[in-house]
There are 2 protein chains.
Amino acid sequence: MESSDIKKAGLKLTLPRVKILEILEKSERRHFSAEDVYRNLIDEGEEIGLATVYRVLTQFESAGLVSRHHFDSGHSVFELNQGAHHDHILCVRCGKVDEFVDETIEKLQHDIAERAGYQMTDHVLYIYGICADCQKDTG
Amino acid sequence: MESSDIKKAGLKLTLPRVKILEILEKSERRHFSAEDVYRNLIDEGEEIGLATVYRVLTQFESAGLVSRHHFDSGHSVFELNQGAHHDHILCVRCGKVDEFVDETIEKLQHDIAERAGYQMTDHVLYIYGICADCQKDTG
DNA sequence: ATGTAAATGAAAACGCTTCTCATTACTATT
DNA sequence: AATAGTAATGAGAAGCGTTTTCATTTACAT
Ligand SMILES: [Mn+2]
Ligand SMILES: [Mn+2]
Ligand SMILES: [Zn+2]
Ligand SMILES: [Zn+2]
């Protein structure tokens with residue numbers, strides 16, 4: 001993933017788009033709210049508006065560069081599209097996000113859609129629980 | 001499900017609560033937004049505020065009478081808790097909601113949580129697609 | 001019937017996201 | 001390199017579903 005991908009997506013190469021892409025790829029973290037990205041920019045001294053962050057992330061989504069998740073109800077979480085499809089397991093205590101792939105579940109989902117007469121376009125699987133670390137911390 | 005369930009839940013038996021429960025159980029439809037419930041009440045001539053609808057649905061959720069889903073990002077969808085746990089398959093064209101149960105997936109989810117060190121509390125599985133009817137309607 | 005705490009409706013506030021619009025920055029062309 | 005033309009940006013307003021506030025009403029135990 002490089003800035004050239006921005007051009008490939010038919011988007012002009014602008015400073016906000018380059019910086020936002022950098023943050024998504026450089027960080028050890030993989031899942032960001034728009035606010036997360038915005039704060040990262042501010043911390044780096046970039047004066048980029050929150051509206052632009054939302055706009056650019058939405059454009060990146062349309063271009064297939066990032067995916068948008070709705071882990072809890074309230075807000076969107078964005079993730080760079082690198083590596084294969086995967087699902088998520090989330091800690092309800094500390095907010096940690098882990099990833100997993102299960103081919104059996106993937107296949108079963110297709111079977112279910114087919115049996116129900118649906119032409120499947122997408123699916124969402126979130127597992128919620130208490131992570132190992134949080135289980136240690138006083139129940 | 002009867003009005004006595006409202007009392008069992010430790011809630012006073014009030015007209016809004018009775019009417020809302022009636023709508024949830026009488027309708028052929030099973031999945032309602034708060035607005036859906038509100039409009040049903042208005043159509044029946046009941047003058048119940050939208051704030052009360054939200055309050056009551058949230059109370060019903062806490063009492064275990066209804067579940068809340070977040071099918072698309074924007075808003076909550078409520079469903080009476082009758083019958084066993086199930087997951088959902090949704091038409092992205094017409095909004096139809098179908099239900100399914102798959103014990104293999106249920107078990108695999110538990111296995112995944114365990115393997116990841118999580119104590120599972122909940123899970124969400126939505127399959128999105130185009131339903132049989134909508135596939136007929138010109139691509 | 002009466003008292004008291006809980007529930008209600010209307011409107012305001014809320015949090016996240018999108019829109020508006022005047023200004024600025026890209027890019028292609030000269 | 002200067003210019004023109006179009007797309008992108010930032011600030012703030014607006015939008016939307018939902019929650020909160022608060023004065024009034026209601027349920028229910030006495
Ligand atoms: Mn992920
Ligand atoms: Mn259902
Ligand atoms: Zn945790
Ligand atoms: Zn359909």
Side-chain angles (χ1 to χ4, degrees), chain A residues 3-23 31-63 65-79 95, chain B residues 3-23 31-63 65-79 95:
Chain A
S3 53
S4 66
D5 290 309
I6 293 173
K7 280 194 169 166
K8 279 181 205 153
L11 299 168
K12 279 192 191 170
L13 200 62
T14 63
L15 188 137
R17 303 214 255 238
V18 171
K19 289 297 175 189
I20 290 172
L21 187 55
E22 273 182 22
I23 283 172
H31 305 91
F32 296 84
S33 69
E35 273 283 333
D36 291 335
V37 173
Y38 177 66
R39 268 196 294 272
N40 270 292
L41 290 167
I42 297 302
D43 291 350
E44 294 181 6
E46 301 295 340
E47 304 208 334
I48 294 172
L50 182 56
T52 300
V53 173
Y54 274 105
R55 258 187 308 241
V56 168
L57 287 172
T58 301
Q59 291 159 348
F60 283 2
E61 184 190 15
S62 300
L65 294 180
V66 310
S67 319
R68 183 195 301 250
H69 307 294
H70 303 283
F71 290 148
D72 50 38
S73 57
H75 60 301
S76 297
V77 170
F78 300 86
E79 162 177 34
Chain B
S3 53
S4 66
D5 290 309
I6 293 173
K7 281 194 169 166
K8 278 180 205 155
L11 299 169
K12 281 190 191 174
L13 201 60
T14 63
L15 189 136
R17 303 214 257 237
V18 171
K19 288 297 174 189
I20 290 172
L21 187 54
E22 273 182 22
I23 283 173
H31 305 91
F32 296 85
S33 70
E35 273 283 333
D36 291 335
V37 172
Y38 178 66
R39 269 196 294 273
N40 269 292
L41 290 167
I42 297 303
D43 291 350
E44 294 182 4
E46 300 295 339
E47 303 207 335
I48 293 172
L50 182 55
T52 300
V53 172
Y54 274 105
R55 259 188 306 240
V56 168
L57 287 172
T58 301
Q59 291 159 348
F60 283 2
E61 184 190 16
S62 300
L65 294 180
V66 310
S67 318
R68 181 194 303 249
H69 307 294
H70 303 283
F71 289 147
D72 50 38
S73 57
H75 59 301
S76 297
V77 170
F78 299 86
E79 159 177 33

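The chains referred to below are lettered A, B, ... by the order of the sequence lines, with proteins before strands, and numbering in each begins at 1. A quick note: this is a predicted structure, and the numbers were derived from the prediction, not measured.
- Under the 3.5 Å distance criterion, with hydrogens and angles disregarded, a donor-acceptor pair is assigned to the side chains of A/R55 and A/T52.
- The span of DNA chain D lying next to chain B, judged by atoms under 4.0 Å from heavy atoms, is bounded 5' to 3' by D/dG17 to D/dC28.
- At the heavy-atom level, A/S33 lies nowhere under 4.0 Å from the strands shown.
- Residue B/R55 is classed as a base contact, given a heavy-atom separation below 4.0 Å to a base.
- In this structure, the separation between CD on B/E44 and CD1 on B/I42 is 10.0 Å, given to the nearest 0.5 Å.
- Every residue meeting the side-chain contact (heavy atoms from CB on, under 4.5 Å) condition with A/D36, not counting sequence neighbours, appears here in chain and number order: A/R29, A/F32, A/S33, A/R39.
- Within the model, atoms CG of B/L11 and CG of B/L13 stand 9.5 Å from one another, a figure rounded to the nearest 0.5 Å.
- Residues of residues 42-52 of chain A having a heavy atom closer than 4.0 Å to DNA chain D, listed by number: A/E47, A/I48, A/G49, A/A51, A/T52.
- Taking 4.5 Å as the limit, some side-chain heavy atom of A/L50 sits within range of a side-chain heavy atom of A/E35.
- The CZ atom of B/F78 lies 5.5 Å from the OG1 atom of B/T58; values are rounded to the nearest 0.5 Å.
- Among all heavy-atom pairs drawn from B/F71 and B/V77, the shortest one is CE1-CG1, 3.7 Å.
- Here the CG atom belonging to A/L57 is positioned 5.5 Å from the CD1 atom belonging to A/I20, to the nearest 0.5 angstrom.
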Where do N or O atoms of nucleotides 13-15 of chain C meet protein N or O atoms at under 3.5 Å, pair by pair?
none

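- Rounded to the nearest 0.5 Å, atoms NE2 (A/H70) and CG (B/D72) are 8.0 Å apart.
- In this structure, CG of B/L41 is placed 13 Å from C1' of C/dT8, rounded to the nearest angstrom.
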Interface polar pairs with nucleotides 25-30 of chain C, N/O, under 3.5 angstrom:
residue, atom, partner, partner atom, Å
C/dC26, O2, A/K12, NZ, 3.4
C/dT27, OP1, A/L13, N, 3.2

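- For the pair A/I6/A/F60, a side-chain contact is recorded, criterion being any heavy-atom separation below 4.5 Å from C-beta on.
- Rounded to whole Å, atom P of C/dG9 lies 13 Å from atom NZ of B/K19.
- Remark: side-chain polar atoms of B/R17 are paired, donor with acceptor, to backbone N or O of B/K12 under 3.5 angstrom.
- Rounded to the nearest 0.5 Å, atoms CG (B/L65) and NZ (B/K8) are 9.5 Å apart.
- By the side-chain contact (heavy atoms from CB on, under 4.5 Å) test, A/S67 pairs with A/H69, A/N81, sequence neighbours left out.
- The CD-P distance, from A/E61 to C/dT17, rounds to 12 Å in whole Å.
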